[in-house]
2 protein chains.
Amino acid sequence: MEIVGELINASRKKIRDDIREKNREVIASVAKEQHEHGASFIDVNAGIFVGKEADYLTWLVSTVQDALDAPCCIDSPDPKAVEAAMKVHKGTPMLNSISLEKDRYEAMLPLIRGTDVKIIALCMSDEGMPYTKKDRLKIADNLINGLIKNNIKMENIYVDPLVHPIGSGNHLGKEFLDSIRSLHEQYEGIHTICGLSNISYGIPKRKFANQLFMAMAITCGLNAAILNPLDKRMMANIIAAETLIGKDDYCMNYVQAYRDGLFDLNQ
Amino acid sequence: MEIVGELINASRKKIRDDIREKNREVIASVAKEQHEHGASFIDVNAGIFVGKEADYLTWLVSTVQDALDAPCCIDSPDPKAVEAAMKVHKGTPMLNSISLEKDRYEAMLPLIRGTDVKIIALCMSDEGMPYTKKDRLKIADNLINGLIKNNIKMENIYVDPLVHPIGSGNHLGKEFLDSIRSLHEQYEGIHTICGLSNISYGIPKRKFANQLFMAMAITCGLNAAILNPLDKRMMANIIAAETLIGKDDYCMNYVQAYRDGLFDLNQ
């Protein structure tokens, strides 16, 4: 499971101020803490700073990479900001994200064509967001074929089918889970990714529901996620679910996690 | 999800003594408590009392059904004990179990032919226990066809694919989960059932692993289970997983469970 740490996002009030004030210490420590807790990519998002996004985003990338040796997930719909951030990024970043929306697709494609960048491909088009497996797979198929044609490797494509709240319709969780399963059945080597907290929007005990839904998504093949790696039960569920689904030789990760106290849960 | 409460089993030291002493109060209260916590069937097992099993089993059925208005799951491989227990049972029981082992199959079939009894069909044959999905489905297909030919309704067949410890092989969890999924894809109306605690045999934090594996099995279609309904997080995971997979209109069970404090978890 590849974890993208989601905490350095300007939409979070506290972090917003730290970014505005370019508080290196805080950003560095939030990056390090996420990395120590299992994040292999550090998401950086400065989307709310209209007109200044490129400046803040490049600062975030440099600050994170000065603090630790890990790639960033450059999180912006603005091709200029993404391009600037990619210029200062050391090694191969992840990009969050491309979609089938015409403007976004055409603006992002030149930045990634023929590169080894890992690209999050949102199942979204100019017709809007899909709600069924069928509609998701239609969009995903166009995205995947387009990216492959532009010399992007299958294993560098991270498809995000987009989760909708279960409170908006009984079927929405299953449609999402079936989409994950079908993507792995139909595109060998593909990655699937999501930020799944949307599933619990509008119902109580959101953390509990999200932690459980993660294990259900892993059962269907999910192999990357954007989340808060400091959520101890979420990380415990990921480790255990991957063991139970057969991705942990001799249960070594499970036993190591147990020895490290990661299963001492009170959350 | 149909829950079979597993606690009245003579293999449990404490219960064994209560059965031997025919302690009505204890058996009645253990039955009631399981029913109040969501068990729709009360498993009764007196298997260790060789030669006296029929006597103890009939006493258990009467004692449980005097205490509450619920069916039992008559749990014995001995056709004589099962026949005696069925005679005193009020309403339609569940039987645990038939298998493809020739002697057991031929001894049990006459007891259930043409009845409305709910029958647990173990994926086991005289060649032993299957470990792959393919071998499980071969046995299940023979069992299901045999039972249908003998006028047992599809919805009264509860196939148990049998869980093996993940510690014995990485693939064993996935083979089991894939078996559950395929059974529901291939036999409309079928029930699948299991006692899944075997999955965690030999690894630490067994309750945690079992609780999570339950949500994973529900993701694949599992719709009945033999378990301890007093395990609060297990029951919470079942309610939440069924909501997330689309079996809870308007999240009403989820919200009710939240209001009833079932999600106030410290386990």
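Computed from a predicted structure; not experimentally measured. First the proteins, then the strands, lettered A, B, ... as listed; each starts at 1.
- Between His37(A) and the options Ile3(A), Asp231(A), Leu230(A), a side chain to side chain contact (heavy atoms under 4.5 Å, CB included) holds for only Leu230(A).
- If you measure heavy-atom distances from Phe263(A) to chain B, the contacts under 4.5 Å come from both the backbone and the side chain.
- For the atom pair CG of Leu262(A) and CD of Gln256(A), the computed distance is 8.5 Å after rounding to the nearest 0.5 Å.
- When all heavy atoms of Ser200(A) and Ala209(A) are compared, the pair lying nearest together is CB-CB, 4.0 Å.
- Closest of all the heavy-atom pairs between Ser197(A) and Arg206(A) is O-NH2, 2.6 Å.
- Residue Leu177(A) touches chain B through its side chain alone, counting heavy-atom pairs closer than 4.5 Å.
- Interatomic distance, Leu122(B) CG to Arg104(B) CZ, rounded to the nearest 0.5 Å: 5.5 Å.
- Between the CG atom in Asp75(B) and the CD1 atom in Ile226(B) there is a gap of 7.0 Å [rounded to 0.5 Å].
- Chain A forms the most heavy-atom pairs under 4.5 Å with one residue out of Ile245(B), Asp248(B), Thr243(B), Asn170(B), and that residue is Asn170(B).
- Going from atom OG of Ser40(A) over to atom CE of Met94(A) covers 7.0 Å, rounded to the nearest 0.5 Å.
- Interface remark: Leu244(A) contributes backbone and side-chain atoms alike to the contact with chain B (heavy atom separation under 4.5 Å).
- Residues of residues 213-222 of chain B placed with any heavy atom under 4.5 Å of a heavy atom in chain A are listed by number as Phe213(B), Ala215(B), Met216(B), Thr219(B), Cys220(B).
- Although no hydrogens or angles enter the test, the distance criterion places no donor-acceptor pair under 3.5 Å between the side chain of Tyr254(B) and the main chain of Glu242(B).
- The minimum heavy-atom distance linking Ile15(A) with Leu7(A) is given by the pair CG1-O, 3.5 Å.
- Ranked by heavy-atom pairs under 4.5 Å with chain B, the first of Gly169(A), Cys251(A), Gly173(A) is Cys251(A).
- Summarising the geometry, atom CZ belonging to Phe176(A) is positioned 6.5 Å from atom CG belonging to Asp160(A); distances are rounded to the nearest 0.5 Å.
- Heavy-atom pairs under 4.5 Å with chain B peak, among Ile199(A), Asp178(A), Asn237(A), Val255(A), at Asn237(A).
- Both the backbone and the side chain of Asp249(A) come within contact range of chain B, each with at least one heavy atom under 4.5 Å from a heavy atom of that chain.
- The closest donor-acceptor contact from the side chain of Asn198(A) to the backbone of Val163(A) lies under 3.5 Å.
- Ranked by heavy-atom pairs shorter than 4.5 Å toward chain A, the options Glu175(B), Lys174(B), Lys205(B) are led by Lys205(B).
- By a heavy-atom distance cut of under 4.5 Å, not one residue of residues 124-143 of chain B is near chain A.
- The line from CG of Asp116(B) to CD of Glu155(B) is 8.5 Å long, rounded to the nearest 0.5 Å.
- Scanning both residues, Cys73(A) and Val4(A), for their nearest heavy atoms gives CB-CG1, 3.7 Å.
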